[in-house]
Amino acid sequence: MLRGFHTATAGMISQQRRMEMLSNNLSNANTPGYKADQSSLRAFPELLLKKMEQANIPTTKPISFSQNQTIGGLHTGVYLQETAPKHIQGDMRPTGNQTDLAILNQSLPEGASIFFTVENQDGTPRYTRNGNFAIDQQGFLTTNNGLFILDENNNRIQLQSDNFELQQDGTILENGTFNTRIGIALAPAANALTRDNNGLYRLNNGEALPTAMNNPGIAFQVLQGHIERSNVDTGQTMADMTAAYRAFEANQKVIQAYDMSMQKAANEIGRIN
């Protein structure tokens with residue numbers, strides 16, 4: 001009977017973690033470029049129970065278990081195996097702000113994604129879809145957290161003012177003169193990226209992603225005065241949260257039933273008259 005406690009508890013823990021993930025998605029529904037996490041539940045390995053020794057059970061017709069006789073399988077519950085961002089493009093929203101940029105995917109291999117290139121505080125590369133950029137006091141194009149946006153040569157982008165023109169291939173013009181080209185990185189397997197703070201992604205080994213520029217099979221546009229909205233489906237997220245709560249509640253009732261059975265076994269069945 002104690003095994004049932006473990007199975008139901010595993011179900012409650014997995015649904016609690018799923019609820020935390022869904023709550024985080026919902027809280028970032030209005031964060032530009034945010035990619036919703038999705039979860040994967042997996043069952044623990046099934047156990048095979050066997051009778052390991054001779055035993056006779058006293059009944060009206062004694063039943064004898066032979067040595068090593070198979071009793072049956074035992075399921076031991078589920079666990080949250082992993083969470084991974086869903087790299088589906090969000091809707092484009094016009095803002096009219098010259099420093100707001102968005103990447104519009106046109107043609108990408110399955111499982112791939114493209115990102116703006118960002119210089120982290122320690123100098124290592126980071127990647128983001130949040131194009132809510134600004135210009136600092138020195139004229140550098142930065143994220144809203146002050147990290148520098150890099151061009152295609154991994155150099156910081158310095159502008160004279162926010163009155164610049166961005167062409168759809170990422171080229172930046174000032175007064176009709178070429179300045180630089182914004183860095184767009186390609187992640188051939190986007191799920192291999194690790195989510196970092198403030199909507200940033202990185203490779204575990206700290207290396208840089210290859211450029212998406214002039215890459216066969218890769219087509220995109222960089223839009224000025226737009227930002228990419230999060231891809232969180234708030235209606236579906238609320239429905240998933242309700243389902244996770246109901247599953248948690250069902251496992252909770254199973255534990256309560258086991259607890260009542262254990263209480264009866266201890267207080268009534270084991271009573272000595």
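If you read the sequence from its start, that first residue is 1, and numbering goes on from there. None of the values given here were measured: they were computed from a predicted structure.
- A salt bridge is defined here as a Lys NZ or Arg NE, NH1 or NH2 lying under 4.0 Å from an Asp or Glu carboxylate O, and R202 with E207 fails to meet this definition.
- Side-chain atoms of S261 come within 3.5 Å of backbone N or O of A257 as a donor-acceptor pair.
- Within 6.0 Å of CE in M238 there are 12 or fewer heavy atoms belonging to other residues, nucleotides or ligands.
- The number of heavy-atom neighbours closer than 6.0 Å to CG of D122, taken from other residues, nucleotides and ligands shown, is above 12.
- Panel note: side chain Q16, backbone G11; no donor-acceptor pair is recorded below 3.5 Å.
- Across Q98 and D162, no two heavy atoms sit closer than the pair CB-O, 3.3 Å.
- Hydrophobic clustering keeps M241 apart from M12 (ILVMFWY residues linked when any side-chain heavy atoms are closer than 4.5 Å, directly or through intermediates).
- Under the 4.5 Å side-chain criterion, counting only non-hydrogen atoms from C-beta, L101 is not in contact with L223.
- The shortest distance between side-chain heavy atoms of T211 and L186 does not fall below 4.5 Å.
- Between atom CD of residue Q221 and atom CG of residue L166 there is a gap of 11.0 Å, rounded to the nearest 0.5 Å.
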Discussion item. Side chain to side chain contact (heavy atoms under 4.5 Å, CB included) for R18 and D240? Distances and angles first, verdict last.
Written reply: CA-CA 9 Å; R18 187 163 177 260; D240 291 342; 4.0 Å; yes
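- Both F164 and I103 are assigned to one and the same hydrophobic cluster, defined by single-linkage of ILVMFWY side chains at heavy-atom distances under 4.5 Å.
- A 4.5 Å side-chain heavy-atom check between L147 and N120 finds at least one atom pair inside the cut-off.
- For D151 (side chain) and N154 (main-chain N/O), a donor-acceptor pair under 3.5 Å exists by modelled atom type.
- Of the charged side-chain nitrogens involved, at least one lies within less than 4.0 Å of a carboxylate oxygen, so that R246 and E249 count as a salt-bridged pair.
- Between the side chain of D233 and the backbone N or O of Q236, at least one donor-acceptor pair lies under 3.5 Å.
- Salt-bridge annotation for E119 and R126: absent, with no side-chain N of the basic residue lying under 4.0 Å from a carboxylate O of the acidic one.
- Nearest heavy-atom pair across L193 and A187 is CD1-CB, 3.9 Å.
- Nearest heavy-atom pair, E228 versus I88, reported as atom, atom and distance to 0.1 Å: OE2-O, 4.4 Å.
- Across all non-hydrogen atoms, the minimal contact from M213 to F220 is SD-CZ, 3.8 Å.
- Annotation: side chain of S39 is in contact with side chain of L80 (closest heavy-atom distance under 4.5 Å).
- At a threshold of 4.5 Å between non-hydrogen side-chain atoms, the residues I149 and T143 count as touching.
- Only one option out of T95, T99, N97, D100 pairs with N132 in a side chain to side chain donor-acceptor pair (under 3.5 Å); it is D100.
- Counting only N and O atoms by type, the side chains of D169 and T171 include a donor and acceptor under 3.5 Å apart.
- Using modelled atom types, no side-chain atom of R129 and backbone atom of S113 make a donor-acceptor pair closer than 3.5 Å.
- By the criterion of side-chain heavy atoms lying less than 4.5 angstrom apart, applied directly or through intervening Ile, Leu, Val, Met, Phe, Trp or Tyr residues, I135 is grouped together with V222 in one hydrophobic cluster.
- No more than 12 heavy atoms of other residues, nucleotides or ligands lie within 6.0 Å of CG in N30, so this atom counts as exposed by the packing criterion.
- With 3.5 Å as the limit, one finds a donor-acceptor pair spanning the side chains of Y34 and N24.
- Heavy-atom minimum distance, N25 versus V232: O-CG2, 3.5 Å.
- A donor atom on one side chain and an acceptor atom on the other are found under 3.5 Å apart for N204 and T194.
- Side-chain N or O atoms of N215 include none that pairs as donor or acceptor with a backbone N or O of I218 at under 3.5 Å.
- Residue L200 is not grouped with residue F115 when hydrophobic side chains (ILVMFWY) are merged at heavy-atom distances under 4.5 angstrom, including chains of intermediate members.
- Of all heavy-atom pairs spanning N105 and Q89, the tightest one is N-OE1, 2.6 Å.
- Counting heavy atoms of neighbouring residues, nucleotides and ligands inside a 6.0 Å radius, atom CD of Q160 does not exceed 12 of them.
- Side-chain atoms of E152 do not come within 3.5 Å of backbone N or O of R181 as any donor-acceptor pair.
- The local environment of CD in Q106 is crowded, with over 12 non-hydrogen atoms from other residues, nucleotides or ligands closer than 6.0 Å.
- Ring geometry, F140 versus F148: the interplanar angle exceeds 60°, so the pair is classed perpendicular (tilted spans 30 to 60°).
- Between the side chains of D259 and Q263, no donor-acceptor pair of N or O atoms lies under 3.5 Å.
- Between F116 and Y127, the ring center distance fails the sub-6.0 Å criterion.
- One finds the CD1 atom of I227 at 4.0 Å from the CZ atom of R93 (value rounded to the nearest 0.5 Å).
- Between N144 and N130, some side-chain heavy-atom pair lies under the 4.5 Å cut-off.
- The cluster map of Ile, Leu, Val, Met, Phe, Trp and Tyr, joined by side-chain heavy atoms under 4.5 Å apart, puts I184 and I157 in the same cluster.
- Between the side chains of N179 and E174, at least one donor N or O sits under 3.5 Å from an acceptor N or O.
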